[in-house]
Amino acid sequence: VIEHLAYPRDLRFNKIILFKDGLKKKVQATYENAAKNSNYTTFLKHFGEYKVAQLSEREVTSDKYILSMLEELRNEVTMMRRNQQVSINSNTTSSYRRKRQIIEKYIDRFTLERGIRKEDIYFMDKGNDLFNYLEDIEEVRIICESPDILRDIMMSSIMSNMPPNK
């Protein structure tokens with residue numbers, strides 16, 4: 001349906017001359033047919049009907065425009081807050097996991113050095129020995145930032161190792 005010419009891939013001089021001649025004839029024939037016949041279809045008409053989109057114009061008062069812009073800004077700020085909260089939550093979660101991994105490494109060392117089981121730590125003075133042990137480790141103090149955070153992560157780790165019947 002659509003007229004075309006194959007471009008010579010080998011780019012030989014004689015073939016390029018013939019291609020240029022053929023292309024010139026095709027372009028001239030298309031122009032002449034379009035000028036003579038109003039029903040003649042050029043390239044795009046073979047693919048269906050096309051409607052040109054039109055922009056609608058309407059006047060709004062400056063008050064309505066300002067209100068709509070404020071509403072748009074409010075929506076964008078709301079979206080930014082949601083995205084920020086999601087980011088904070090994911091960072092907090094990964095940070096907590098990292099802290100817990102480090103603390104659990106030292107809990108494993110604590111139990112190994114004392115020859116005890118993890119599930120028995122809670123019953124040994126409610127974990128105060130372990131807490132003091134962990135608090136003496138500089139890396140733990142740095143990552144936990146406060147004794148309360150250390151105690152929360154430590155207790156969470158201890159409780160996850162407790163057997164269900166205790």
Side-chain angles (χ1 to χ4, degrees), residues 1-9 11 16 19-108 118 121-122 126-128 130-132 134-162 164:
V1 175
I2 300 171
E3 292 189 33
H4 66 281
L5 286 174
Y7 191 80
R9 292 181 184 212
L11 300 176
I16 294 297
F19 173 76
K20 286 170 58 178
D21 243 7
L23 183 60
K24 178 182 172 185
K25 289 177 185 173
K26 293 279 186 186
V27 170
Q28 284 176 340
T30 300
Y31 176 76
E32 289 169 5
N33 285 336
K36 291 179 192 172
N37 183 357
S38 63
N39 292 331
Y40 179 77
T41 60
T42 56
F43 181 76
L44 286 178
K45 290 182 183 174
H46 291 290
F47 294 103
E49 293 290 319
Y50 294 92
K51 293 182 182 179
V52 177
Q54 294 187 6
L55 298 175
S56 62
E57 292 183 31
R58 63 182 175 140
E59 287 188 31
V60 289
T61 65
S62 59
D63 293 344
K64 284 186 178 180
Y65 178 74
I66 291 171
L67 286 174
S68 70
M69 289 296 106
L70 286 173
E71 180 65 22
E72 193 174 311
L73 278 172
R74 187 182 69 78
N75 289 338
E76 286 185 28
V77 168
T78 301
M79 285 179 51
M80 288 171 55
R81 283 183 181 157
R82 284 184 190 145
N83 290 341
Q84 183 182 21
Q85 191 60 41
V86 167
S87 176
I88 288 170
N89 289 343
S90 69
N91 287 340
T92 302
T93 302
S94 64
S95 173
Y96 177 83
R97 279 193 210 119
R98 181 71 185 130
K99 289 174 185 178
R100 184 163 171 172
Q101 287 173 344
I102 291 169
I103 289 171
E104 286 181 352
K105 173 181 76 170
Y106 287 111
I107 291 173
D108 289 343
K118 284 185 185 179
I121 294 172
Y122 182 76
K126 301 288 187 206
N128 285 329
L130 174 62
F131 179 79
N132 293 332
L134 293 171
E135 201 171 39
D136 286 341
I137 300 169
E138 184 177 359
E139 180 183 17
V140 172
R141 282 194 315 270
I142 291 170
I143 64 163
C144 287
E145 301 159 3
S146 79
D148 292 334
I149 294 173
L150 170 58
R151 189 168 297 280
D152 288 345
I153 296 173
M154 180 191 83
M155 292 307 288
S156 171
S157 180
I158 290 171
M159 298 308 282
S160 68
N161 287 303
M162 298 269 303

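Counting only residues at least two apart or in different chains, side chain to side chain donor-acceptor pair (under 3.5 Å) contacts with residues 136-150 comprise Y106-E139.
A donor-acceptor pair under 3.5 Å is formed between the side chain of T30 and the backbone N or O of K26.
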Derivation and outcome, side-chain contact (heavy atoms from CB on, under 4.5 Å), residues N128 and R151: CA-CA 9 Å; N128 285 329; R151 189 168 297 280; 3.5 Å; yes
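Interatomic distance, CD1 of I153 versus OH of Y96, reported as 5.5 Å (0.5 Å rounding).
The side-chain hydrogen bond (donor to acceptor under 3.5 Å, both in side chains) check on K25 picks up nothing, with sequence neighbours excluded. Every residue meeting the side-chain hydrogen bond (donor to acceptor under 3.5 Å, both in side chains) condition with D108, not counting sequence neighbours, appears here in chain and number order: K118. Residues that satisfy the side-chain contact (heavy atoms from CB on, under 4.5 Å) test with K20, not counting sequence neighbours, are I16.
Within the 4.5 Å cutoff, no side-chain heavy atoms of L134 are placed close to those of C144. Using a 4.5 Å heavy-atom cutoff, the side chains of L23 and F19 are in contact.
Of the residues R98, R97, K99, the one that meets the side-chain contact (heavy atoms from CB on, under 4.5 Å) test with S95 is K99.
Nearest heavy atoms, R100 versus S156: NH1-OG, 2.9 Å. Closest of all the heavy-atom pairs between M154 and I103 is CA-CG2, 4.4 Å.
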Would you list the atom pairs, donor with acceptor, under 3.5 Å between side chains in residues 64-76 and any protein atom, with sequence neighbours excluded?
{"from": "S68", "atom 1": "OG", "to": "K64", "atom 2": "O", "distance (Å)": "3.4"}
{"from": "S68", "atom 1": "OG", "to": "Y65", "atom 2": "O", "distance (Å)": "2.8"}
{"from": "E71", "atom 1": "OE1", "to": "R74", "atom 2": "NE", "distance (Å)": "3.4"}
{"from": "E71", "atom 1": "OE2", "to": "R74", "atom 2": "NH2", "distance (Å)": "2.6"}
{"from": "N75", "atom 1": "ND2", "to": "E71", "atom 2": "O", "distance (Å)": "3.4"}

